[in-house]
Amino acid sequence: MNKRTFLKNLGLFSLSPFATYPSMEELIHSASLVSPQRLAEDEKFWENIRQGYRLKSDYINLENGYYCIQPQESLDHFINHVREINYQGSYYMRTVQTENKKATAAKLASLLGCSTEELIITRNTTESLDMIIAGYPWKEGDEAVMAEQDYGAMLDMFKQVAKRHGVVNKIISLPINPSSDEEIVNLYASAITPKTKLLMVCHMVNITGQILPVRKICDMAHSKGVEVMVDGAHAFAHIKFSVADLNCDYYGSSLHKWLSVPLGAGILYVKKENIPKIWPIFGDSGPKEDDAMRLNHTGTHPVHTDLTINNAIDYYLKIGAEKKEARLRFLQNYWTKQVRSLPHIVLNTPEDALRSCAIANVGVKNMKPSELADTLLKKFKIYTVAIDGANVHGCRITPNVFTTTKELEALVDALKQLGKS
Ligand SMILES: Cc1ncc(COP(=O)(O)O)c(C=O)c1O
């Protein structure tokens with residue numbers, strides 16, 4: 001099918017008030033010849049994707065950063081898995097549970113670009129990264145490097161190892177509009193001393209949406225003998241990358257964020273050579289020393305969530321990693337470029353398009369972030385989240401694949417009106 005027929009078909013599917021929407025397969029097939037950049041601007045295509053979600057009509061949801069709700073397709077699979085596990089009871093757990101989880105981990109490993117022995121399925125990023133911070137073989141006086149814009153739970157865990165093991169934490173602050181990657185790399189480098197063992201860096205900063213030059217930071221840190229742990233809570237299934245390209249030592253992410261898995265699933269990658277040295281939080285003498293499974297004995301857990309990871313991966317791959325990323329970046333640029341230069345607006349997200357994707361943060365001068373979030377919800381029916389700390393003051397705005405440009409126009413109008421009041 002050529003591009004013209006494709007667009008015409010989409011029009012047929014979606015313009016009529018009595019429209020019957022195409023199946024996901026028909027939709028994806030018809031878009032297969034269109035480039036991610038072209039498709040990103042095709043409202044009709046994404047309107048069809050939107051039909052696969054059940055969305056509340058009370059407000060426009062621009063807070064998809066906490067977690068991403070599932071499309072109905074995955075939700076139906078999830079409910080079926082819950083029914084089936086309840087039907088099979090412990091028979092399931094004692095027969096195929098382990099091999100099913102391994103098969104799912106293998107799919108995730110292939111998406112992330114690592115070997116299956118290097119990846120485990122956890123409950124979330126917090127569990128993944130805290131296992132590394134707490135299990136690292138610290139000695140008194142060792143140093144760790146991180147940024148004040150990192151996630152609170154991990155910063156707290158570093159505070160704990162400082163108290164417990166005498167680790168010294170060095171904390172930098174990230175500029176929002178760096179002049180170059182080197183500015184960021186040098187900032188991290190300036191905090192490293194001969195005592196530094198581990199550097200934590202966000203792949204995508206959750207409060208600003210800023211994407212950091214992780215590969216360059218890893219190369220710099222390794223040249224000084226320092227290992228790097230990446231907080232990828234927001235990056236996996238949001239932007240396309242491979243952990244092999246990042247060259248990091250540890251990578252954690254939450255699958256209930258951009259992969260749209262039911263709540264309570266995450267991943268931890270540990271580079272093979274580092275696996276033996278991490279102390280497991282949950283003891284397990286079964287797996288080999290260099291198998292990440294030795295860190296994964298979390299006890300009985302919701303296996304129906306693990307099973308749904310397969311369905312969520314299928315859904316993600318149907319849309320396509322490049323197409324999803326291009327649409328999310330398009331959506332963010334769509335609204336930020338309309339307000340960035342307004343005198344009463346402060347954008348806490350890099351202007352350079354490749355330094356961010358879906359997430360951005362906006363402040364209104366002389367207005368507290370909590371007041372802005374409250375006004376956006378009560379007056380304009382737009383749901384966001386206020387961020388007020390670590391040098392970032394504004395509301396985080398996070399669209400998802402179901403967000404329309406019309407919804408973002410409502411945000412732009414609201415922000416413009418706030419300048420007049
Ligand atoms: C950067 C970052 N790291 C870690 C987390 C923790 O994720 P979870 O609560 O899924 O463990 C979040 C949650 O929003 C985050 O934004």
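The shown structure was predicted, so the numbers you read here are calculated from the model rather than taken from an experiment. Atoms within each ligand, like the ligands themselves, are counted from 1 in listed order.
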Got the closest protein heavy atom to atom 15 (C) of ligand 1, with its distance?
Y151 CD1, 3.3 Å
Considering only non-hydrogen protein atoms, determine which one is nearest to atom 9 (O) of ligand 1 and report residue, atom name and distance to 0.1 Å.
T126 OG1, 3.7 Å
Element-labelled atoms of ligand 1 that are located less than 4.0 Å from some non-hydrogen atom of H256:
10 (O)
Below 4.0 Å from ligand 1: does a non-hydrogen atom of R123 turn up there or not?
no
SB check E289 R294 (cutoff 4.0 Å):
yes
Heavy-atom nearest pair, A191 first then I172, reads CB-CG2, 3.8 Å
How about H203 and F241: are their ring centroids closer than 6.0 Å?
yes
Kindly indicate, with the supporting measurements, whether the criterion salt bridge (Lys or Arg N to Asp or Glu O under 4.0 Å) is fulfilled by E73 and K318.
CA-CA 12 Å; E73 179 183 315; K318 264 194 274 186; 2.7 Å; yes
How far is atom 3 (N) of ligand 1 from its nearest protein heavy atom, and which residue and atom name does that atom have?
D231 OD2, 2.6 Å
Indicate, as side chain, backbone, both or neither, the part of H234 found under 4.0 angstrom from ligand 1 when only non-hydrogen atoms are considered.
side chain
Nearest protein heavy atom with distance in Å, relative to atom 7 (O) of ligand 1:
S254 OG, 3.5 Å
In the protein, which heavy atom is nearest to atom 16 (O) of ligand 1, and how far is it?
N206 CB, 2.9 Å
Test: K272 and D291 ion pair at under 4.0 Å:
no
Would you say the side-chain atoms of Y334 and E41 include a donor-acceptor pair closer than 3.5 Å?
no
Numbering the atoms of ligand 1 from 1, which are under 4.0 Å from a heavy atom of N124?
8 (P), 10 (O), 11 (O)
Is it true that K257 lies under 4.0 Å from ligand 1, counting heavy atoms only?
yes
Side-chain donor-acceptor pair under 3.5 Å between D388 and H393, yes or no?
yes
